[in-house]
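Only one structure is covered here, and it is reproduced in the block below.
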Amino acid sequence: MAKIRVGILGATGAVGQRFLQLLDRHPQFSVTVLAASDRSQGRPYAEACTWRLPGDPPPTVAALVVQAPQPPLACDLVFSGLRPTSRARSRRRLRRPGIP
């Protein structure tokens, strides 16, 4: 069975980091997209993120380039760690292409 490709919005924040911890080595999900604010976009996750949680960031996402939280996103499912105001804007942008 193929893994479900997952995107994390707000990936550099504490909630996004927690999503990454929970999804690391998950048998059904594979993180393929990391999205965050303008400050982080265009940089590898390892450079863009100041890890705030215990332990180390998952090595599987260190080289993923952080992108804008808007389409196109190469994933089947999105988890959002965005603040409510940012989340509403991103939800409207993502709803159109049909990303759940």
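By convention here, the first residue in the shown sequence is residue 1.
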*For the atom pair CG (L9) and CG (L82), what is the distance rounded to the nearest 0.5 Å?*
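So the CG of L9 and the CG of L82 are separated by 5.0 Å.
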*Measuring from R5:CZ to L73:CG, what's the distance to the nearest 0.5 Å?*
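R5 atom CZ to L73 atom CG measures 10.0 Å (nearest 0.5 Å).
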*Any side chain to side chain donor-acceptor pair (under 3.5 Å) pairs touching residues 41-51, not counting sequence neighbours?*
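Applying side chain to side chain donor-acceptor pair (under 3.5 Å) to every pair that reaches into residues 41-51, excluding sequence neighbours, yields D38-Q41.
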*What side chain to side chain donor-acceptor pair (under 3.5 Å) pairs are there with at least one residue in residues 10-19, not counting sequence neighbours?*
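Sorted pair list: R18-Q21.
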Pairs of donor and acceptor atoms involving the side chains of residues 22-36, under 3.5 Å and at least two apart or interchain, shall be tabulated with distances.
residue	atom	partner	partner atom	Å
H26	ND1	Q28	N	2.9
H26	ND1	F29	N	3.4
T32	OG1	A74	O	2.7

*Do V65 and F19 share a hydrophobic cluster, counting only Ile, Leu, Val, Met, Phe, Trp and Tyr and linking them when any side-chain heavy atoms are less than 4.5 Å apart?*
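No: no chain of side-chain contacts under 4.5 Å links V65 to F19.
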*Taking all non-hydrogen atoms of both residues into account, name the closest pair between A11 and L20 and its distance.*
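That closest heavy-atom pairing would be O-CD1, 4.2 Å.
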